[in-house]
Amino acid sequence: MKVSVKVPATTANIGPGFDCMGMALPIYNTVTIEETVLPGTGVEINIISESDAVSDISLEHIPQDENSLVYKAVELLYNSIGQTPGELKITIKSEIPVARGLGSSASVIIGALMAANELLGRPADEVALLSIACELEGHPDNITPAYIGGLVISSQEEDGTVVYRKLDWPQNWAITVCVPDFELSTDIARSVLPKEVPMKDAIFNIKRMAMFVQAVHTQDEELMKLALQDKLHQPYRMKLIQGLENIIDNLKHIESVLGCVISGAGSSILVISKKNELDKIKTIVKETWADQNIKCDLKTLSVEETGARIVSNDD
Ligand code: HSE
C-alpha cells in the first residue's frame, strides 16, 4: 500500500503572533509512504527537490535515515498505537525552500503523520495528529495551518491538545513572500531570543495581537499598520537577516504597505500590502537586497485555504 499527502507551506508569527499565529501558502511538499515487501530493507528516504527558488534548496543537511524528522513522525504515530514501523519507502517531493521560514519541517511532519495514519487504518483523529505534530515541532503556529489551511491562531494546551480558530484574510490585502538566497536555521534563530522579556514588551505584543484580529475582521488598514509590529522576536533576529532593516526602511514611505515582517524564524520576509503598488514593492525589496549581493525570489501569493490532503492512496 502507498499513500501520498500534499501539504502547504506556512508562514508563522506574522508580526505580533509569535509561536501562535500562522497562515498556509500555496507552495507544496508531497510526502509519499509505501510499505515495501522486502524484509530487512528497513526505511529508505528519498528527497526530490522541485523548488524554483533562486538557490537550490539545500537538502544535504536533512538526514535521510531514522534520524530524519519524517521518520520520527512516522515512528511516533506507530508507537502511539503500540507498533513500530516496518519496511517503508518514504519520498518527499519538495517545493518548499528549506530553512527560509516557510514551514518546510511542519509540512514534512504533517505529511508523514497523515500518510502513516492512512496506512494504519486511521487510528489517530485530528486531536491526536495535531498533538503529536506539535510535540515534534515544539510549537503549533506552522503545524496547524499546514494541516487545516488558512490563517490560524493556535495554542497547544497543557494536556497536549491544540485549540485553534481560523480567521478570514481580507481579499484586498496582498501577501508578498520574499525568499533570499541564504538560509537561517530555526535553532539559530531561536537561540538569539531571551528567556524572559520586559513586561512592557509583552504588553506591546498583547495590544498588537488584539489589533491584528480586529483589523483582519474589519479590514481596517490603519489598524493593521499598527498591528504588524513585534517586540518578542523580530528585534533580536534583525541582525541575522541581512538587509531586513534597510528593506523595512525603504518600504516605510510606500502608502500601500501595511507591514513588513519576518516569515516564521526567517530568513524570508513577508510584505503585507494593498494590491495597487505590488511592482514598486517588489522592485524595492529586490534592489535593496541586490545592493548587498543577495539574490531573492519574490512571489505574491494568496492564502491556501485547504490545508493538507491525501492525493493518492494505492492499494
Ligand atoms: N514561531 C517559530 C519561531 C516559527 O519564530 O521560532 C519557526 O518555527
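All ligand and atom numbering here is 1-based and tracks the order in the structure. All of these numbers come straight from a predicted model, not from anything done at the bench.
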For P8 and A308, which heavy atoms make the closest approach, and how far apart are they?
CD-N, 3.8 Å
Heavy atom of the protein closest to atom 8 (O) of ligand 1 (residue, atom name, distance)
H139 CE1, 2.9 Å
R237 to ligand 1: N or O pair under 3.5 Å?
yes
Any salt bridge between E255 and K274, counting N to O under 4.0 Å?
yes
Check whether any side-chain N or O of N29 sits under 3.5 Å from a backbone N or O of E95 as a donor-acceptor pair, and report yes or no.
yes
Can you sort out which atoms of ligand 1 are near N13, meaning under 4.0 Å from one of its heavy atoms?
1 (N), 3 (C), 5 (O)
Counting each atom of ligand 1 from 1 as listed, which ones have a heavy atom of T186 under 4.0 Å away?
7 (C), 8 (O)
Is the contact between D141 and ligand 1 made by the side chain, the backbone, both, or neither, using heavy atoms and a 4.0 Å cut-off?
side chain
For D279, is there an ion pair with K282 - N to carboxylate O distance below 4.0 angstrom?
no
Residues S263, T11; criterion side-chain hydrogen bond (donor to acceptor under 3.5 Å, both in side chains); working and verdict:
CA-CA 5 Å; S263 177; T11 179; 2.7 Å; yes
For G264, the atoms of ligand 1 under 4.0 Å from one of its heavy atoms are 5 (O)
Under a 4.0 angstrom heavy-atom cut-off, which atoms of ligand 1 come close to D19?
1 (N), 2 (C), 3 (C)
Which ligand 1 atoms, with their elements, are less than 4.0 angstrom from a heavy-atom of N142?
4 (C), 7 (C), 8 (O)
Distance-only N or O hit between ligand 1 and H233, under 3.5 Å:
no
Any atoms of ligand 1 less than 4.0 Å from a non-hydrogen atom of F18? List them with their elements.
3 (C), 5 (O), 6 (O)
Close approach, A189 and ligand 1, non-hydrogen under 4.0 angstrom:
no
With a heavy-atom distance limit of 4.0 Å, tell me whether Q234 approaches ligand 1 through its side chain, its backbone, both, or neither.
neither
Distance under 6.0 Å and angle within 45° of the ring axis: does R208 meet both against F212?
no
So, does S68 use its side chain to make a donor-acceptor pair with the main chain of Y71 at under 3.5 Å?
yes
Here the gap from H139 atom NE2 to Q156 atom CD, rounded to the nearest 0.5 Å, amounts to 11.0 Å
Taking 4.0 angstrom as the limit, do R122 and E118 come out as a salt bridge?
yes
Return the residue, atom name and 0.1 Å-rounded distance of the protein heavy atom closest to atom 3 (C) of ligand 1.
R190 NH1, 3.2 Å
